[in-house]
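Here's the structure we're looking at; comments come further down.
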Amino acid sequence: MRILLIHSSHFEYEVRDRAIEEAEPTSEKEGKDSIDEALVAFCSVESGDERDNDAVASNAAREISKVASTVKVKNIVVYPYAHLSSNLGSPSTAVPILRKLAELLVSEGYNVRRSPFGYYKSFKLECKGHPLSELSKTITAEKERRPAVLETRYAVLETDGRLIEPREYLQHPHPEFRFLVEKEALRRELPGGEPRYLEYCRKFGIEWEPYSDVGHMRYGPEGTLIFELITDYAWQKACELGLPLLQVRGTNMFDLSIPAVREHAALFGDRLYEVGVEEKQFVLRYAACHQQFSMVKDWTLSYRQLPFGTFELADSYRLEQSGELLLCFRVRKLHMPDLHIYCRDLEDAKKASMKVHEKIYSEIRKLGREYVSIYNTTRGFFEQNRDFFADLVKVEGKPVLLNFVPDGVFYWVLNVEYTIIDALDRPREIATFQIDIGNAERFGIAYIDHDGSRRFPPIIHTALIGTIERYLFSIFDCAAKAEDRGQKPSLPVWLSPIQARIVPVTMDQLRDANRIADELEKKDIRVDIDDREETVQKRVREAEISWIPYIIVLGQKEAGAGSFPVRVRARGTVETMTLDSLVAELREQTKDYPFTRSPFPRTLSTRPGYRKS
RNA sequence: GCCCCGGUAGCUCAGCCCGGUAGAGCGACGGCUUUGUAAGCCGUAAGUCCUGGGAUCGAAGCCCAGCCGGGGCUCCA
């Protein structure tokens with residue numbers, strides 16, 4: 001709903017002609033009105049408001065009342081005015097909302113007039129013209145609606161299977177798990193501070209896009225390369241689970257008039273990112289579920305093919321609260337390497353979950369980190385599957401936090417949130433998996449079992465390395481932690497946009513530099529040459545600031561020598577290496593990781609100065 | 001969304017308290033220097049001081065509203 005508020009010294013109107021079929025019946029008396037010293041509220045009810053009439057009306061009443069008390073008026077005119085929105089709601093929605101709005105304002109003690117809906121009316125309006133006399137507002141249903149606080153109970157599950165109270169756990173704390181227990185179960189306030197990774201992000205051109213909605217990111221050339229490498233990596237990791245996987249591709253907006261889409265959306269709650277097109281209302285997908293389910297429902301499945309997975313890197317959209325946004329972490333547009341595994345039954349799902357769990361763990365350990373986990377589940381599922389939980393905890397090697405949720409509220413029976421404790425000691429969820437027992441039926445995904453019966457498969461949802469954004473967050477957080485330990489912050493070599501840079505002392509070495517660059521490129525190494533007319537010192541400094549892992553200085557001395565000095569970022573040393581030993585080291589660092597050729601012009605002198613370091 | 005802090009040149013920031021001609025470093029550009037491992041020297045150009053409104057003879061500065069960012073809260077299917 002949109003409203004335009006005018007503080008007027010005089011307002012009058014008169015009904016002329018009926019504008020629409022569904023016009024409100026009106027008596028002679030209601031046909032015209034005149035009032036002095038009033039707040040006139042021109043209102044347009046928009047499509048989408050019908051989802052919660054009461055919330056829209058009460059939010060509108062609150063906004064209007066706020067302004068009325070600021071400008072100190074007791075008279076309010078609620079005036080239906082279609083021209084504030086290009087996305088109008090239907091008259092059958094609009095009239096009840098406007099009536100309700102007027103009632104609410106009356107109940108707050110205002111003298112309220114309402115002009116009839118659905119007519120052309122002439123009006124005279126005298127606006128006071130002070131700063132607050134003209135205001136427009138957009139009202140949504142979301143604001144006021146505080147979802148009923150869910151009753152959940154926390155417990156710590158020890159590695160030996162004992163359950164203990166979170167409070168007691170703090171007496172013998174695991175260093176990182178402790179932060180999770182404090183934050184999630186005991187609701188301690190976070191320490192805070194400005195995170196250093198934001199500065200790192202900007203170095204690689206990873207930042208907010210100011211020309212879009214809040215919460216949308218953009219990636220410069222370096223960021224784009226990093227993003228693509230992580231995307232390849234996510235698919236590679238999914239394949240390593242050893243299950244048959246099918247990659248699919250689809251769209252990002254789904255029609256809310258489809259029952260399965262609408263029901264799924266209702267489960268998601270109030271963070272739906274919606275878009276109205278012509279007469280239809282679409283929800284932007286918040287994960288790949290919609291696309292994969294709406295496709296797999298059309299497949300013919302036999303128990304012989306299960307379990308198998310579908311995968312898509314899904315651009316996904318969530319209308320997060322503006323105050324909650326955090327670059328690379330909580331964003332309105334995110335990229336989910338979303339894998340769904342369709343299983344025969346719960347036992348099958350538990351087996352597949354173990355594979356997923358082990359893979360998720362081995363990935364974070366490759367970064368030298370540990371997850372601390374929250375297992376959201378129901379008391380019933382936990383009690384019936386204590387062995388399964390024990391197996392999961394064995395992989396963790398430390399306690400986990402259980403969060404018991406009520407039965408029948410969620411579509412899953414188990415939802416694991418894997419969080420890292422970041423450089424500022426805050427838990428940050430990165431990876432996740434869920435065992436879903438509701439959506440196969442909702443979307444009509446079924447397989448034929450060996451006895452010929454039609455069965456709905458439990459579905460595992462997972463992002464093994466987290467969203468691309470959050471994997472990046474982890475990578476940069478590792479750099480921040482390294483810096484805290486007194487090391488140079490850096491990216492893993494496989495993700496470094498440029499892996500080796502050659503700095504010729506004078507331009508006499510350019511030919512040699514190009515020859516070495518050719519050799520390195522042949523070995524799948526991203527290399528460039530800083531051929532700018534700057535001092536060696538300055539070019540080395542800039543390479544360091546750019547986090548280049550290997551910096552080669554080539555001068556007169558190296559001509560024909562067969563070796564050259566290499567500045568190795570990881571060790572903080574300058575070492576004499578041959579081309580072969582450098583290649584061997586680089587290959588060792590990047591083996592088993594995706595590779596993409598350098599998309600940059602080889603010479604820095606020909607590169608636009610987008611870099612901000 | 002709520003509370004606190006901030007927004008000044010492409011970037012990082014000073015100036016704001018106490019109103020009176022818009023500042024520095026980096027970067028860009030031009031010249032000198034021909035360079036050996038984290039900033040060589042000199043010069044030039046560059047700003048709707050976030051936006052809109054208000055009080056004032058006069059606003060980057062004071063007041064109000066909004067937008068954007070950082071922190072905290074709430075939220076996190």
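Chain naming here is simple, since letters A, B, ... match the order of the sequence lines and numbering starts at 1 in each. Hydrogens, waters and symmetry mates are skipped; everything else that's a heavy atom, side chains included, is used.
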What is the distance, rounded to the nearest whole Å, between atom [atom1] of [X] and atom [atom2] of [N]?
{"X": "A:R428", "N": "B:G71", "atom1": "CZ", "atom2": "C1'", "answer": "11 Å"}
{"X": "A:E542", "N": "B:G27", "atom1": "CD", "atom2": "P", "answer": "7 Å"}
{"X": "A:E533", "N": "B:G31", "atom1": "CD", "atom2": "P", "answer": "11 Å"}
{"X": "A:H7", "N": "B:A65", "atom1": "NE2", "atom2": "C1'", "answer": "17 Å"}
{"X": "A:L325", "N": "B:C67", "atom1": "CG", "atom2": "C1'", "answer": "14 Å"}
{"X": "A:Q556", "N": "B:U35", "atom1": "CD", "atom2": "C1'", "answer": "13 Å"}
{"X": "A:R202", "N": "B:G10", "atom1": "CZ", "atom2": "P", "answer": "15 Å"}
{"X": "A:E534", "N": "B:C32", "atom1": "CD", "atom2": "P", "answer": "15 Å"}

Which nucleotide, [options], lies nearest any side-chain atom of [X]?
{"X": "A:V540", "options": "B:G1, B:U12, B:A38", "result": "B:A38"}
{"X": "A:V505", "options": "B:G71, B:A39, B:U35", "result": "B:U35"}
{"X": "A:R541", "options": "B:U37, B:A39, B:G36", "result": "B:A39"}
{"X": "A:P565", "options": "B:U35, B:U37, B:G69", "result": "B:U37"}
{"X": "A:K488", "options": "B:U37, B:A38, B:U35", "result": "B:A38"}
{"X": "A:K538", "options": "B:A39, B:C68, B:A38", "result": "B:A39"}
{"X": "A:P195", "options": "B:G71, B:U35, B:G1", "result": "B:G71"}
{"X": "A:R271", "options": "B:A38, B:U37, B:C76", "result": "B:C76"}

Task: Ring-face cation contact, A:F329 with A:R428, 6.0 Å cut, 45° max - done: yes

Phosphate oxygens OP1/OP2 of [N]: is one of them under 4.0 Å from a side-chain N or O of [X]?
{"X": "A:T506", "N": "B:U35", "value": "no"}
{"X": "A:K183", "N": "B:C76", "value": "no"}
{"X": "A:R539", "N": "B:A38", "value": "no"}
{"X": "A:R426", "N": "B:G72", "value": "yes"}
{"X": "A:Q537", "N": "B:A39", "value": "yes"}

Open item on the list: Once you measure the plane-to-plane angle for A:Y342 and A:F293, does it fall in the parallel (<30°), tilted (30-60°) or perpendicular (>60°) bin?
Closed with: perpendicular

Open item on the list: Any donor-acceptor pair, under 3.5 Å, between the side chain of A:E320 and the base of B:G1, if you only look at N and O atoms?
Closed with: no

TODO: Measure distances between side-chain N and O atoms of A:R330 and base N and O atoms of B:C76, and say whether any donor-acceptor pair falls under 3.5 Å.
DONE: yes

Under 4.0 Å, counting only non-hydrogen atoms across every strand here, what does [X] touch: a base, just sugar-phosphate, or nothing?
{"X": "A:V214", "value": "sugar-phosphate"}
{"X": "A:E575", "value": "nothing"}
{"X": "A:Q434", "value": "nothing"}
{"X": "A:Q321", "value": "base"}

Taking the side chain from [X] and the backbone from [Y], do they hold a donor-acceptor pair closer than 3.5 Å?
{"X": "A:Y418", "Y": "A:I465", "value": "no"}
{"X": "A:N415", "Y": "A:N376", "value": "no"}
{"X": "A:T578", "Y": "A:G562", "value": "no"}

Taking atom [atom1] in both [N] and [M], what distance in whole Å separates the two?
{"N": "B:G43", "M": "B:U37", "atom1": "P", "result": "27 Å"}
{"N": "B:A45", "M": "B:C57", "atom1": "P", "result": "37 Å"}
{"N": "B:C67", "M": "B:U12", "atom1": "P", "result": "23 Å"}
{"N": "B:U51", "M": "B:G7", "atom1": "P", "result": "13 Å"}
{"N": "B:A46", "M": "B:C2", "atom1": "P", "result": "42 Å"}
{"N": "B:G10", "M": "B:C75", "atom1": "P", "result": "41 Å"}
{"N": "B:G15", "M": "B:A22", "atom1": "C1'", "result": "9 Å"}
{"N": "B:C11", "M": "B:G27", "atom1": "C1'", "result": "7 Å"}

Under a 3.5 Å limit for both distances, which nucleotide forms a Watson-Crick or G-U wobble pair with [N], could you say?
{"N": "B:A60", "value": "none"}
{"N": "B:C2", "value": "B:G72"}
{"N": "B:U44", "value": "B:A28"}
{"N": "B:A65", "value": "B:U51"}

Task: Closest-nucleotide ordering on RNA chain B, the 5'-leading residue of A:Y197 and A:C289 - done: A:Y197

Open item on the list: Judged by each residue's nearest nucleotide on RNA chain B, which is more toward the 5′ side, A:I551 or A:G323?
Closed with: A:G323

Task: Minimal non-hydrogen separation, A:I525 against A:Q499, with atom names - done: CA-OE1, 3.5 Å

Open item on the list: Within the 3.5 Å criterion, strictly below it, is a donor on A:E320 or A:Y273 matched to an acceptor on the partner's side chain?
Closed with: no

Task: Result of checking A:Q434, A:E263, A:R442 against A:Y411 for side chain to side chain donor-acceptor pair (under 3.5 Å) - done: A:Q434

TODO: Determine the sole option in A:R539, A:R511, A:E558 for which the side-chain contact (heavy atoms from CB on, under 4.5 Å) test with A:P504 is passed.
DONE: A:R539

